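Not measured: the values here are computed from a predicted model. Numbering of residues begins at 1 and proceeds along the displayed sequence.
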Amino acid sequence: MAATVEELYRNYGILADAKEDLSKHKDAYQVILDGVKGGPKEKRLAAQFIPKFFSSFPELADAAINAQLDLCEDEDVSIRRQAIKELPRFASGENLPRVADILTQLLQTDDSAEFNQVNTALISIFKIDAKGTLGGLFSQILQGEDIVRERAIKFLSTKLKTMPDDAMTKEVEDYIFIETKKVLEDVTGEEFVLLMRILSGLKTMQTVSGRQQLVELVVEQAFLEQALNPADADSVDRLLQCTRQALPLFSVSETTATKNVHSTRFVTYFCEFVLPNLSLLTSPVAELDIQLEVLKLLAEMSPYCGDMDKLEVNLNMLFEKLLEFMPLPPEEENGENAANEEPKLQFSYVECLLFSFHQLGKKLPDFLIDKISAEKLKDFKIRLQYFARGLQVYIRQLRVALQGKTGDALKTEENKIKVVALKITNNINVLIKDLFHNPPSYKSTVTLSWKPVQKTEAAAAAAAIGQKRQSGEDIGATVTTKKLPTNLPRRDARQIYNPPSGKYSASIGNFSYEQRGGFRGGRGRGFGGRGNRSRGRIY
């Protein structure tokens with residue numbers, strides 16, 4: 001039988017006045033529990049009164065929690081909000097994981113105010129018992145409905161970093177790592193990115209050994225023990241996502257080898273399975289230049305590559321792929337350009353391949369001397385020379401286009417693209433000069449064109465643009481050594497640059513400047529093919 005407002009107030013008074021003898025008034029508390037069967041006014045009062053005296057009646061604990069849950073599911077949103085607000089008061093002892101589980105399920109609400117209330121409640125009980133709260137969250141991530149799983153993962157990815165240090169103990173972080181590994185056994189691409197964000201934010205993961213553990217997790221997800229199927233967009237997407245997640249974790253120390261987190265397995269995989277199939281790769285996103293994207297990732301990883309078992313073989317694969325993008329001059333009558341058509345100079349591709357070759361070449365400096373034939377070396381130098389001539393023309397045209405432009409003038413879309421084009425050509429210029437040394441040198445350093453510009457480098461580049469008589473070689477020399485940043489920029493819409501006319505530039509083709517990052521949306525389950533779950537509430 002439902003209690004009236006008067007009965008609720010009267011029994012509340014009995015309990016409030018009882019003080020030390022609360023346990024003798026079990027009947028009064030039962031009347032308050034019955035308030036959930038009444039109308040809106042009775043329910044609002046019950047939502048406040050039930051948690052107030054909850055701890056004094058352990059024998060009615062289940063009945064009290066169930067009564068409060070009934071209010072959390074009420075049709076009246078104001079009643080739901082009130083009931084949710086009071087839920088943390090039930091979170092004590094063995095009840096806390098259950099409350100955490102309940103609150104996690106309540107994340108599926110579509111009411112924004114109610115959703116915020118659930119978030120606030122979860123945060124408050126996290127500060128009471130972090131591990132117990134995480135138990136409820138991970139229980140739903142592993143077994144709950146898809147919408148609950150998705151929102152629980154997002155809660156962790158956004159809220160963990162805001163938790164106080166005394167809540168995020170080593171024991172708690174170890175628990176997060178163990179449970180997240182279970183979740184990673186079956187994830188989508190988007191979930192994988194969020195879970196890696198959670199783990200990489202843990203204090204215990206900031207050490208070299210911690211980052212190495214994260215790389216191992218990414219390796220497992222990347223399926224590096226399997227050959228790549230270039231026609232399968234999902235497989236290609238998986239590799240791209242995993243490589244992007246691994247990139248910020250790599251490091252190299254020239255003084256202490258034990259402080260390194262190497263990219264060797266990824267670089268090896270790219271050389272063995274990706275480069276041979278470069279032209280066959282199926283792009284997971286329609287507007288994405290998949291070949292350039294792959295080459296950018298390889299270039300970014302190459303400085304962190306350690307000792308490689310098949311270095312000569314992999315370096316040869318890089319060399320052969322580089323030759324494909326470095327044409328012979330038109331006057332060479334060997335069949336390749338017999339029609340005297342001016343070949344295209346694909347600067348973006350060459351920058352990536354040349355940089356990767358330059359990085360791995362340091363590990364085998366006699367490759368161009370002893371590992372390839374004299375005829376092949378001669379052919380390579382002819383290609384380098386032709387490419388370098390095209391570079392000089394293009395660099396001069398870019399410098400003229402940017403001459404005298406500073407500040408806001410350089411921030412227009414067209415000029416931003418030209419500045420990046422100048423960085424690309426400068427980089428290639430520096431690397432080609434190194435390879436023209438006898439013997440070839442691998443000492444010069446450049447910052448990849450798509451990486452964020454450092455202030456000192458930007459100043460040097462601006463100075464280079466403003467100097468009328470500075471040569472292309474000198475401009476290239478202004479590119480200084482910078483440690484590759486670990487943050488991955490977002491991928492914006494591609495911008496196309498139509499180069500100025502001229503003997504070389506007319507056939508260069510469109511220049512694309514693309515930043516990347518983030519998982520493409522709207523594709524559904526991509527990493528594990530997780531089936532939909534629909535178990536209903538399991539309070």
* Does E375 have any salt bridge (Lys or Arg N to Asp or Glu O under 4.0 Å) partners at least two apart in sequence or in another chain, and if so, which? -> none
* Asked: What pair of heavy atoms forms the shortest contact from S263 to C305, and how long is it?
  -> OG-N, 3.2 Å
* To do: Start with the C-alpha distance between L202 and M168, add both sets of side-chain angles, then the distance that settles side chain to side chain contact (heavy atoms under 4.5 Å, CB included), and finish with yes or no.
  => CA-CA 9 Å; L202 301 178; M168 295 294 291; 4.0 Å; yes
* Should K181 and E216 count as an ion pair when the cut-off is N to O under 4.0 Å? -> no
* For atom CG of D366, decide whether the heavy atoms of other residues, nucleotides or ligands shown that lie under 6.0 angstrom number more than 12. => yes
* Asked: Would F177 and Q213 count as a side chain to side chain contact (heavy atoms under 4.5 Å, CB included) if you check the C-alpha gap in whole Å, the side-chain angles of each, and the deciding distance to 0.1 Å?
  -> CA-CA 10 Å; F177 185 79; Q213 288 184 73; 3.5 Å; yes
* Report yes or no: do S449 and N427 form a side-chain donor-acceptor pair below 3.5 Å? => no
* Structure fact -> On a heavy-atom basis, the closest approach of S302 and Q359 is OG-CG, 3.5 Å
* Do NZ/NE/NH1/NH2 and the carboxylate oxygens of E191 and R149 come within less than 4.0 Å? -> yes
* Looking at residues at least two apart in the chain, or sitting in another chain, which of them share a salt bridge (Lys or Arg N to Asp or Glu O under 4.0 Å) with K203? -> E173
* To do: Run the numbers on D174 and K170 for salt bridge (charged side-chain N to carboxylate O under 4.0 Å, His left out), then give the verdict.
  => CA-CA 6 Å; D174 288 345; K170 183 180 184 303; 2.8 Å; yes
* Structure fact -> What one should report as the nearest heavy-atom pair of Q385 and F436 is N-CZ, 3.7 Å
* To do: Would you please indicate if the ring centroids of Y304 and H262 are separated by under 6.0 Å?
  => no
* Asked: How far apart are the C-alpha atoms of T180 and L217, what are their side-chain angles, what is the distance that settles it, and do they pass the side chain to side chain contact (heavy atoms under 4.5 Å, CB included) test?
  -> CA-CA 10 Å; T180 302; L217 288 180; over 6 Å; no
* Asked: Would you say D307 has more than 12 foreign heavy atoms packed within less than 6.0 Å of its CG?
  -> no
* Asked: Would Y349 and D289 count as having a side-chain donor-acceptor pair, cut-off 3.5 Å?
  -> yes
* Side-chain ion pair, K296 and E300, N-O less than 4.0 Å -> no
* Structure fact -> Taking every heavy atom of A222 against every heavy atom of F266, the minimum-distance pair comes out as CB-CE2, 4.2 Å
* Kindly say whether L435 contributes a backbone atom to a donor-acceptor pair with the side chain of K381 at under 3.5 angstrom? => no
* Asked: Charged N to carboxylate O below 4.0 Å: is that the case for R383 and D379?
  -> yes
